[in-house]
Protein chains: 2
Amino acid sequence: MISQLGARISQQFAEHLQPFGLRPAHFGVLVRIARDEGQSQQQLADHVGVHRNVMVSLVDDLEERGLVERRRHPEDRRAHAIHLTEAAVELLPRAEEVAAQFEASLFADIDPADHALVLDVLRRVSERAGLVPELHPALIDSRRPAPVDPESC
Amino acid sequence: MISQLGARISQQFAEHLQPFGLRPAHFGVLVRIARDEGQSQQQLADHVGVHRNVMVSLVDDLEERGLVERRRHPEDRRAHAIHLTEAAVELLPRAEEVAAQFEASLFADIDPADHALVLDVLRRVSERAGLVPELHPALIDSRRPAPVDPESC
DNA sequence: TATTGTTATACTCTATAACTATA
DNA sequence: TATAGTTATAGAGTATAACAATA
């Protein structure tokens, strides 16, 4: 159920972001850049939970949309330092407001205390499921619980 | 977050089902058939929430695995009546046990009352998001809330 | 030798259209 | 005319491997 719900939420969130010319992944990347400007693409990929190959095209898209800049990284000549443009600084709060309204609409008939509890529990379940945003992907696999042996049932 | 969690849960559930030679979608179809034997592929597709085209290959897979049979539908010569084989009747409870253990492992450090509450809330959110398992897909679109106008933020 | 960004490739999923046989 | 099952095809998304530049 969580999987199906997640897929539909992502689909609907994509519709909400369409007027901005963004997909959910773009939004996630922008939020991460805003939290800490000048990160490398590799760092962003780790934080968002995608492979660095995917980050290339995400940053490509955002650069074409005029929302981010690839600058020279001050410490590592291999890496880019990714920064928001002024257009992004203007756009991001509006997109975040749409996201907040969307979440509110989903939980519209849910008691606010229950809403908060659900998000807190899901956050803890996410960690248990190996979804640790701050963790390097290479470390995630070892945290995955091993599948159950079907013969033992 | 729900979207990312759902994707990872689906991925991990797939690993748990791999020893059975099943993917999550197959498991969902089997459960639906068990609930009401002799349904048409179209009915199954509606219940599971996929297009009837997709159900064709799902039933193909299950038939190859020897888990379901396509019999003549007693009332409609266009349709098939899908039934579980004895192998499926033997396998399904074991797969359901694996699923239950997997869910338990995800919520292992969550208070049981909170666990139940979360699932209940998510069920209600799912309905609000247009995820109504018993509803025909054609009716779902009209239940989707309209995207927010970004200019109003 | 390892890492960053990049490109290419393949594989899975999904969405759409069209066809047939029935209703 | 509409529906059930089927097939084919195109597109998005994802995963893997390889490469040049740099650490």
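So that the names make sense, note that chain A is the first sequence line, chain B the second, and so on, each numbered from 1. Atom set for the values below is all heavy atoms of this structure, side chains included, hydrogens, waters and symmetry mates excluded.
Taking 4.5 Å as the limit, every side-chain heavy atom of I82(B) sits out of range of all side-chain heavy atoms of R71(B). H73(B) is not listed as a side-chain neighbour of H80(B), based on a closest heavy-atom distance of 4.5 Å or more. Proximity of S40(A) to D76(A): side-chain heavy atoms (C-beta onward) are nowhere separated by under 4.5 Å. Put simply, the side chain of R94(B) does not reach to within 4.5 Å of the side chain of E97(B), judged on heavy atoms.
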Study note, to complete from the structure: Given Watson-Crick and G-U pairs under 3.5 Å, DNA chain D in dot-bracket ([ ] crossing, | other strand) is |||||||||||||||||||||||

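Regarding H26(B), its NE2 atom lies at a distance of 9 Å from the P atom of dC13(C), rounded to whole Å. In this entry the distance linking CZ of R72(B) with C1' of dA4(D) reads 15 Å, nearest Å. In this structure, CD of Q4(A) is placed 15 Å from P of dC13(C), rounded to the nearest angstrom.
Residue R23(B) places at least one side-chain N or O under 4.0 Å from the OP1 or OP2 atom of dC13(C). Considering only side-chain N and O atoms, Q43(A) lies nowhere under 4.0 angstrom from the phosphate OP1 or OP2 of dT4(C). Residue Q41(B) has no polar side-chain atom (N or O) positioned under 4.0 Å from OP1 or OP2 of dA4(D). Contact annotation: R70(A) side-chain N/O to dT6(C) OP1/OP2 distance is under 4.0 Å.
Among the atoms of the strands shown, only primed sugar atoms or phosphate atoms (P, OP1, OP2) are found under 4.0 Å from some heavy atom of H80(B).
Side-chain N/O atoms of Q39(A) and H47(A) include a donor and acceptor closer than 3.5 Å. Between the side chains of H83(A) and E69(A), no donor-acceptor pair of N or O atoms lies under 3.5 Å.
A distance-only check finds a donor-acceptor pair linking the side chain of R128(B) to the backbone of S105(A) [under 3.5 Å]. For E37(B) (side chain) and L84(B) (main-chain N/O), a donor-acceptor pair under 3.5 Å exists by modelled atom type.
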What nitrogen or oxygen pairs link the protein and nucleotides 21-23 of chain C at under 3.5 Å?
| unit_1 | atom_1 | unit_2 | atom_2 | d |
| --- | --- | --- | --- | --- |
| dA23(C) | OP1 | R77(B) | N | 3.1 |

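A salt bridge between R23(A) and D61(A) is present, with a side-chain N of the basic residue lying under 4.0 Å from a carboxylate O of the acidic one.
Set against dG5(C), dG5(D), dA15(C), the side chain of Q11(A) has dA15(C) as its closest nucleotide. With dT16(D), dG13(D), dT7(D) as the candidates, the nucleotide lying closest to the side chain of H51(A) is dT16(D).
In this model, no side-chain donor or acceptor of N53(B) finds a partner on the base of dT14(C) within 3.5 Å.
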